[in-house]
Amino acid sequence: MSILEGIRESFRLPDLRRRILFTFLILVIYRLAANIPVPGVDREVLRQVLSPESPTGSFAQVLDLLSGGAVSNFSVLAMGVYPYITASIIIQILTPIIPALEELMKEGQAGRDKINRYTYYLAIPMAALQAVGQINIFRGQGGQTIIPGFGFGPESDLLLTATVLATMTAGTMFAIWLGELITEDGIGNGLSMVIFAGIVARIPVNIVRLYSADTAATVRNSVLFLVLTVLTVAVIVVVQEGQRRIPVKYGKRVRGMKMYGGGSTYLPLRVNTAGMIPLIFAQSFLSFPAILASFFKNSNAVWVANTASTIETVFGGQGGNELGGQIIYWLAYFSMVVGFTYLYTDIMIRNQNLADSLQRNGGFIPGIRPGKNTEIFIQRVVTRITLVGALFLGTIAVLPGLIQIVMDLIQPGTGLEVRSALLIVSGGGLIIIVGVIIDTMRQLEAQLVMRHRESFIR
């Protein structure tokens, strides 16, 4: 059965058809809500912020792409579901550190439900903090904020500030709720589908970047975009699906007159366990120097003001227009992505307690003693294969910057234009799109196989 036949077969089954249509309905609601603006936004300042020439223009455009255009009109869904993702990462980091959370993780589904509830609670203050940071970093020429009067100073409008924070926090929680509805009654992972819909919805608008008054530039941008997109998708599929399969055997146990257990299987360790989480974390951390520098660029000390302006340009504008600044930014970005990939992968593997789970179920890796030796062996294998995943994510992250630097060296002044064209779908966006499509196809396949239909994913 081909993929098209499998999709057609899915719509013939009433229950599966209902799930698919329900998913589409929720995504339509999300897209409609993404057009509701936050009160008090200064449209002229927002236009300046989104301009490629502004210090935070490139960063704002990346956020706009991942939010499906919600940043371009600064809607109530401008933060998407990222505060929840951040809260989830924090909980995962704290789980092996806090004994109470570690005990909950061992309690099965009931414990996981409690941890999920704590994640929702943490997402609320994270959404408020991210709203403050996002509004403060998005400033137009002369330092004007996109929402005049926002803040907590003596000249600020506290009622407006409270309204904006409440609105943006509520928008984030609404998006999370829509994602949970898809997970429960639709097809696919809800939060991933929400992010996926936002990215795909913005692609037609961003395709306009490929065209310019210069025909040669249009052809060049179009060819570069198509070639790099196809190659990137191919590499993403290979790496995302890549596994190291460690053989596992289970000992036989005799109870009464019956023998249980035995047999062989394997332990699949993914090359890229972290997904695109390191990209989000690295981008967030790289914005902190620009935020801190913005408080000092008006200092009376000339060297302090100049240093702050340079830092804001390099880290807030993805390297600025100078070759040295671009090299510093993209090297820092690459290093952070690689570092966070190792950190997050280590946290994920430790939380799974693979060695203990194997030992409890009578499983063992041939040639490796159960217990501590198995844990050390798994960690060593994960560290080795994660190098490929980390370099892969780092390369995907800095690919637009590498193209910009190369183009500027070949033909000065064309790098920024080419990079803007390539950001129609960023590397992180492609990882999300490919991952969501593969996951959704697998869920549809599982539903069809469960109903005695033929598999359509080979």
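In this chain, residues are counted from 1 in sequence order. Basis for what follows: all heavy atoms, side chains included, without hydrogens, waters or symmetry-related copies.
Counting only heavy atoms from C-beta outward, the side chains of Leu393 and Phe340 never approach each other to under 4.5 Å. Looking at Leu354 and Leu269, their side chains come closer than 4.5 Å, going by heavy atoms from C-beta outward. Side-chain atoms of Leu104 and Tyr118, non-hydrogen and from C-beta on, do get closer than 4.5 Å to each other. For the pair Ile378 and Leu267, the minimum side-chain heavy-atom distance is below 4.5 Å. You'll find the side chain of Leu27 stays beyond 4.5 Å of the side chain of Phe196, heavy atoms only. A heavy-atom distance below 4.5 Å is not found between the side chains of Val38 and Ile135. Side-chain atoms of Thr172 and Met126, non-hydrogen and from C-beta on, never get closer than 4.5 Å to each other. With contacts defined as side-chain heavy-atom distances shorter than 4.5 Å, the pair Leu178/Ile182 does not qualify.
Evaluation of the side chain to side chain contact (heavy atoms under 4.5 Å, CB included) rule for Ile368 yields Ile365, Asn373, Thr374, Phe377 as partners, not counting sequence neighbours. For Tyr342, there are no side-chain hydrogen bond (donor to acceptor under 3.5 Å, both in side chains) partners, not counting sequence neighbours. Residues that satisfy the side chain to side chain contact (heavy atoms under 4.5 Å, CB included) test with Ile124, not counting sequence neighbours, are Thr169, Met173. Every side chain to side chain contact (heavy atoms under 4.5 Å, CB included) that Pro268 has, sequence neighbours left out, goes to Gln243, Tyr266. Under the salt bridge (charged side-chain N to carboxylate O under 4.0 Å, His left out) criterion, Arg18 pairs with Asp15, not counting sequence neighbours.
Remark: Arg369 CZ is loosely packed, at most 12 non-hydrogen atoms of other residues, nucleotides or ligands lying under 6.0 Å away.
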Problem set entry | Val164 vs Leu160, side-chain contact (heavy atoms from CB on, under 4.5 Å): CA-CA, chis, key distance, verdict | CA-CA 6 Å; Val164 169; Leu160 173 66; 3.9 Å; yes
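Taken to the nearest 0.5 Å, the CE atom of Met193 stands 9.5 Å off from the OG1 atom of Thr183. Atom CG of Asp157 sits about 8.0 Å away from atom OG1 of Thr163, to the nearest 0.5 Å. One finds the OG1 atom of Thr386 at 9.0 Å from the CD atom of Gln379 (value rounded to the nearest 0.5 Å). The OG atom of Ser88 lies 10.0 Å from the CD1 atom of Ile115; values are rounded to the nearest 0.5 Å. For the atom pair OG1 of Thr232 and CZ of Phe392, the computed distance is 8.5 Å after rounding to the nearest 0.5 Å.
Remark: side-chain polar atoms of Thr23 are paired, donor with acceptor, to backbone N or O of Ile187 under 3.5 angstrom. Of the possible donor and acceptor atoms, none in the side chain of Thr119 sits under 3.5 Å from a partner among the backbone N and O of Ala87.
No side-chain donor from either of Glu180 and Tyr84 sits under 3.5 Å from a side-chain acceptor of the other.
Contact between Thr395 and Phe334 at its shortest, heavy atoms only, is N-CE1, 3.7 Å. Between Pro83 and Ala123 the shortest heavy-atom distance is CB-O, 4.0 Å. Here the shortest heavy-atom pairing between Pro148 and Asp42 reads CD-CB, 4.0 Å. Contact record, Pro247 with Pro366: O-CD, 3.3 Å, taken as the closest heavy-atom pair. Of all the heavy atoms in Ala33 and Val76, the pair that sits closest is O-CG2, 3.7 Å. Heavy atoms only, all atoms of each residue included: Ser264 and Lys249 are closest at OG-CG, 3.5 Å.
Every pair passing side chain to side chain donor-acceptor pair (under 3.5 Å) that includes a residue from residues 268-280 is listed here, sequence neighbours excluded: Gln240-Asn272.
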